[in-house]
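FYI, side chains are in, hydrogens and waters are out, and symmetry mates aren't considered; it's all heavy atoms of this structure. In the text below, chain A, chain B and the rest are named by the order of the sequence lines, each starting its count at 1. Please read these numbers as outputs of a predicted model, since none were measured by experiment.
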Amino acid sequence: MSGEHGHGNSQVNSGSKGGDTHKHKDKHKDKEYRHKDHKKDKEREKFKHSNSEHKDHSEKKHRDKEKLKHSDSSADKHREKHKEKDKDKEKRREEKIRSSHVDKPKKEKENGYVRDTSPSAIKSEPEEDNGFYPSPQHNKTSKREYDDEEFVYKPKKVKTEHDKKAKKRKHEYEDDEEDEDIKPKKKTKDKKGTEGKKAKKEEEEKWKWWEEERSTDGSKWRFLEHKGPVFAPPYEPMPDKVKFYYDGKPMKLSAPAEEVATFFAKMLDHEYTTKDIFRKNFFKDWRKEMTSEEKSKITDLNKCNFSEMNEYFKAQSEARKQMSKEEKQKIKEENERLLQEYGFCLMDNHKERIGNFRIEPPGLFRGRGDHPKMGMLKRRIRPEDIIINCSKDSKHPKPPPGTKWKEVRHDNKVTWLASWTENIQGSIKYIMLNPSSRIKGEKDWQKYETARRLKKCVDRIRNQYRDDWKSKEMRIRQRAVALYFIDKLALRAGNEKEEGETADTVGCCSLRVEHIKLYPKMDDQEYVVEFDFLGKDSIRYYNKIPVEKRVFKNLQLFLENKQPEDDLFDRLNTSILNKHLQELMDGLTAKVFRTYNASITLQQQLKELACPDDSLPAKILSYNRANRAVAILCNHQRAPPKTFEKSMQNLQTKIDEKQNQLSAARKQLKAAKADHKASHDDKSKKAVELKRKAIQRIEEQLMKLQVQATDREENKQIALGTSKLNYLDPRISVAWCKKWDVPIEKIYNKTQREKFAWAIDMAEKDYEF
DNA sequence: AGGGCCACTTAGCATTGTAGTA
DNA sequence: TACTACAATGCTAAGTGGCCCT
């Protein structure tokens with residue numbers, strides 16, 4: 001198989017198909033399909049169900065597990081568990097930290113990038129490509145297992161580029177480059193202690209971390225100082241005039257119960273407050289907040305009337321909209337102040353933007369899709385729940401007066417500044433840096449380098465899995481077929497999930513028999529596989545693709561003697577698959593295929609759609625189309641904007657108007673020409689020219705509008721943002737912009753330009769992914 | 001091997017900001 | 001000046017995958 005992929009037949013969705021054609025196994029009939037189609041939510045509703053029984057979901061494989069496990073309210077248990085284990089964990093963590101400080105494993109340097117080579121991390125291959133990290137020495141270390149000519153050819157380009165940059169850096173950053181660190185590296189700094197601060201501030205905005213060397217050990221930073229998170233504002237009780245009614249009678253609620261009631265009241269317009277699970281979960285958690293008196297009175301949610309509360313909130317938001325300019329300005333300034341104070345941290349001598357410095361406010365949990373925990377109370381996070389992470393020698397953030405942090409730790413092996421345990425799933429939430437930060441950017445860059453390394457060996461890997469389709473061992477065949485899907489269809493890996501804890505969604509390795517259908521013949525195609533399942537965020541994946549005969553036969557084999565709810569790949573999971581991938585290429589995991597295929601698709605598409613003579617809007621349309629091809633491949637869908645039809649109409653009206661304008665202008669030109677013919681004077685000649693220009697302008701405008709219409713129509717249900725942000729090597733786009741003279745602003749907005757600053761700075765027009 | 005924990009990326013939708021228009 | 005439509009940003013849920021322990 002060559003790099004060529006049959007992505008074309010990937011189909012985003014099938015319109016209304018979801019509900020009708022789905023064969024509804026009893027146990028899945030209550031699935032909520034979040035596929036996007038033309039229907040209004042209400043119409044979709046008929047495919048959603050009201051009641052759900054997750055308990056009989058279990059497959060054989062999971063049944064045993066289930067017995068050992070609680071099936072009820074995990075949240076509290078999680079909390080307990082955490083408490084119990086805290087001590088244990090702490091010990092472990094401390095050991096971890098200590099050991100990492102003490103026995104610094106020796107490091108191996110590769111092209112400016114230094115890898116951890118502690119025993120567990122020793123690999124036979126360099127992890128990064130030549131030229132990954134700029135460095136004067138640029139010494140190629142070990143020989144690669146599967147070099148190809150590209151390996152020889154490409155770095156040359158990259159190298160010169162880097163050398164250039166390296167020189168530039170010398171000038172620009174001489175004074176600023178080094179951080180005061182706990183353990184100085186080869187170069188010295190120290191003079192900066194005095195003058196560094198000011199210079200630094202000026203340079204801060206354009207700090208080019210990508211021209212610096214990365215840290216040599218596993219540590220993520222050497223110095224970290226921040227002010228801690230911003231907590232959600234405290235609850236403000238309802239004014240007395242806003243009543244809650246139970247069974248028709250007004251009832252004053254205690255503050256805690258009232259607060260939770262307001263969460264429900266705020267969502268009243270949302271359709272999911274009508275769902276049984278949502279209501280059940282909410283009511284259960286609400287009752288926990290009630291006084292015993294309230295508890296005994298309020299026994300039926302159906303008798304609760306929140307509508308006055310609901311109207312109150314609506315009025316509030318209306319009032320907010322109606323606020324005067326000055327008031328709005330004031331709020332804006334206050335936000336800005338908060339941002340300035342809490343929105344930044346100091347990491348290794350650079351001021352970096354924090355991604356989410358506000359703690360999530362309490363509210364009702366709404367998972368995506370058919371989530372068993374929807375409606376549960378997401379509790380308020382207090383300082384006592386927060387673990388702070390910062391350097392020992394930094395000014396530690398102060399907890400709000402009268403409170404304490406849960407813990408302050410100094411772990412530079414992680415990137416987060418603060419964390420807490422959330423009560424719905426018992427998972428940990430983090431406060432981390434913005435994507436524009438060094439720490440995120442380096443990781444992102446590295447991700448694309450890994451994908452580029454896959455490019456070099458993908459043929460070998462493809463050949464291998466094709467061979468494996470013939471293996472004597474079932475597990476190998478399953479692994480090979482799964483990998484084929486991941487590669488060809490860009491499916492996600494598909495980790496196992498705990499049943500009943502989350503919506504029932506799957507990825508490749510967790511596909512079940514019921515998710516595929518085999519058609520030996522379909523229309524004029526042979527060996528067609530139909531996929532129909534809910535993926536991440538309960539987004540439907542529906543696709544029919546012809547596969548190779550051997551794959552088809554294998555699938556038939558995997559399906560033998562299985563029930564619909566059985567795993568398709570019963571001898572496979574993501575851990576097995578990733579272990580195998582790791583052997584094929586250092587750093588290779590299932591998700592790398594998604595990155596690789598997305599980026600390579602963009603590059604190919606851009607090449608194919610290239611048309612030098614196109615106008616700027618046409619070029620951008622081409623870009624968007626290439627981007628769209630990727631979004632379709634990755635199944636990035638969105639709900640059609642609510643105002644879609646209308647906005648299309650508006651656009652059409654504009655187009656019609658423009659066309660009228662055009663014909664009018666043409667008439668005028670004709671008249672002007674006639675006039676000129678008659679008079680032959682300069683004035684009339686000028687008039688003709690003027691008219692010509694006007695027509696040209698109008699034509700351009702019309703074209704622009706038409707392009708816009710096409711683009712919008714094609715984009716109706718497809719979200720481009722996700723792939724642009726997470727899967728497409730930004731250097732491809734930057735190079736394309738440079739090559740075709742398209743301003744980068746047409747492709748990336750401000751945030752995106754900040755995130756991809758490294759790529760914008762370093763990619764030249766001949767960059768090859 | 002498998003489970004649990006943890007850290008981090010990826011995801012769509014809701015809210016907010018803003019530019020263009022009436 | 002208000003409105004409106006779209007873009008940008010914010011929010012947080014839901015994935016992936018590494019590591020450690022049993």
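Of the side-chain N and O atoms in A:Ser427, none sit less than 4.0 angstrom from OP1 or OP2 of B:dC5. Checking the phosphate oxygens (OP1, OP2) of B:dG12, a side-chain nitrogen or oxygen of A:Thr722 falls inside 4.0 Å. Residue A:Lys429 places at least one side-chain N or O under 4.0 Å from the OP1 or OP2 atom of C:dA13. Listed pair A:Lys447 / B:dT9 fails the phosphate criterion, with no side-chain N or O lying under 4.0 Å from OP1 or OP2. Taking side-chain N and O atoms only, A:Lys440 has a distance below 4.0 Å to OP1 or OP2 of B:dT9. The shortest distance between the side-chain N/O atoms of A:Asn495 and the OP1/OP2 oxygens of C:dG15 is not below 4.0 Å. Checking the phosphate oxygens (OP1, OP2) of B:dT10, a side-chain nitrogen or oxygen of A:Lys591 falls inside 4.0 Å. Between A:Asn749 and C:dA7 there is no side-chain N or O to OP1 or OP2 distance below 4.0 Å. Taking side-chain N and O atoms only, A:Arg594 has no distance below 4.0 Å to OP1 or OP2 of B:dT9.
Distance CD1 (A:Ile359) to P (C:dA13): 13 Å, rounded to an integer number of Å. In this structure, A:Asp586 atom CG and C:dG18 atom P are separated by 11 Å, rounded to whole Å. If you take NZ of A:Lys724 and P of C:dA7, they are 11 Å apart, rounded to a whole angstrom. In this structure, CZ of A:Arg409 is placed 10 Å from C1' of B:dC6, rounded to the nearest angstrom. To the nearest angstrom, C1' of C:dG15 lies 15 Å from CG of A:Asp504. Between the CD atom of A:Glu496 and the P atom of B:dG4 there is a distance of 11 Å, given to the nearest Å. Atom-to-atom, CE of A:Met376 to P of C:dT12 comes out at 17 Å; the value is rounded to the nearest Å. The separation between A:Asp269 atom CG and B:dC13 atom P is 19 Å, rounded to whole Å.
At a threshold of 4.0 angstrom between heavy atoms, the contacts of A:Gly721 with the nucleic acid are absent. No engagement by A:Arg320 is indicated, since no non-hydrogen atom pair under 4.0 Å with the nucleic acid exists. Residue A:Ala719 is out of contact with every strand shown, counting any heavy-atom pair closer than 4.0 Å. Contacts of A:Ser575 with the nucleic acid, taken as non-hydrogen atoms under 4.0 Å apart, are absent. Using a 4.0 Å heavy-atom criterion, one finds that A:Pro361 contacts the sugar-phosphate atoms exclusively. A:Lys220 comes within 4.0 angstrom of the backbone, heavy atoms only, and of no base. Within the nucleic acid shown, A:Asn578 comes within 4.0 Å of sugar-phosphate atoms alone, with no base atom in reach, counting heavy atoms only. The residue A:Tyr430 sits close to a base: some heavy atom pair falls under 4.0 Å. The residue A:Lys378 sits close only to the backbone: its heavy atoms come under 4.0 Å of sugar-phosphate atoms, none of a base. Among the protein residues, A:Gly507 comes within range of no part of the nucleic acid, since none of its heavy atoms lies under 4.0 Å from any strand. Looking at heavy-atom distances under 4.0 Å, A:Thr574 makes no contact with the nucleic acid at all.
Comparing A:Glu745 and A:Ala590 by the nucleotide of DNA chain C whose heavy atom lies nearest to each, the residue mapping closer to the 5' end is A:Glu745. Heavy-atom distances to DNA chain B give each of A:Cys634 and A:Lys579 a nearest nucleotide, and the one nearer the 5′ end belongs to A:Lys579. Comparing A:Ser419 and A:Tyr727 against DNA chain B, the residue whose closest nucleotide sits nearer the 5' end is A:Ser419. Residue order along DNA chain C, read from the 5' end via each residue's closest nucleotide, puts A:Gln322 first among A:Gln322 and A:Val506.
Each of B:dT18, B:dA11, C:dA13 was ranked by its minimum atom distance to the side chain of A:Glu360; first place goes to C:dA13. Each of C:dC11, B:dG2, B:dC13 was ranked by its minimum atom distance to the side chain of A:Arg638; first place goes to B:dC13. Of the candidates C:dT12, B:dA7, C:dT16, the closest approach to any side-chain atom of A:Arg368 belongs to C:dT12. With C:dA14, B:dA11, B:dC13 as the candidates, the nucleotide lying closest to the side chain of A:His636 is B:dA11. Nearest to the side chain of A:His270, among C:dA14, B:dC8, B:dA14, sits B:dA14. The side chain of A:Asn356 approaches C:dT12 more closely than any other nucleotide in the set C:dT16, C:dT12, B:dC13. In this structure, of C:dT12, B:dA7, C:dT16, it is B:dA7 that holds the atom nearest to the side chain of A:Met432. For A:Arg353, the listed nucleotide lying nearest its side chain is C:dG10; candidates were C:dG10, C:dA13, C:dG17. Of the candidates B:dC8, C:dT12, B:dT10, B:dT10 carries the atom nearest the A:Asn726 side chain, counting heavy atoms from C-beta on. Taking the side chain of A:Thr589 as heavy atoms from C-beta on, and the options C:dG17, C:dA8, B:dC8, the nearest nucleotide is C:dG17.
Of the residues listed (A:Ile354, A:Thr415, A:Leu433), the one engaging A:Met347 in a side chain to side chain contact (heavy atoms under 4.5 Å, CB included) is A:Leu433, and it is the only one. Of the residues listed (A:Met474, A:Arg475, A:Gln478), the one engaging A:Leu572 in a side chain to side chain contact (heavy atoms under 4.5 Å, CB included) is A:Gln478, and it is the only one.
Because its NZ or CZ atom is both nearer than 6.0 Å to the ring centre of A:Phe313 and within 45° of the ring axis, A:Lys266 counts as a cation-pi partner of that residue.
With hydrogens and angles ignored, a donor-acceptor pair under 3.5 angstrom links the side chain of A:Lys536 to the base of B:dT10.
A distance of 11.5 Å separates CD1 in A:Ile359 from CZ in A:Arg380, rounded to the nearest 0.5 Å.
In this structure, A:Phe282 and A:Phe264 have parallel ring planes: the angle between them is below the 30° cut-off, well short of the 60° mark. The aromatic rings of A:Trp445 and A:Trp209 sit tilted relative to each other, their planes meeting at an angle between 30° and 60°.
Residues A:Leu588 and A:Gln582 have side chains not in contact (no heavy-atom distance under 4.5 Å, counting atoms from C-beta outward).
A:Glu442 and A:Gln446 share no side-chain donor-acceptor pair at under 3.5 Å. Side-chain atoms of A:Thr450 and A:Tyr596 include no donor-acceptor pair closer than 3.5 Å.
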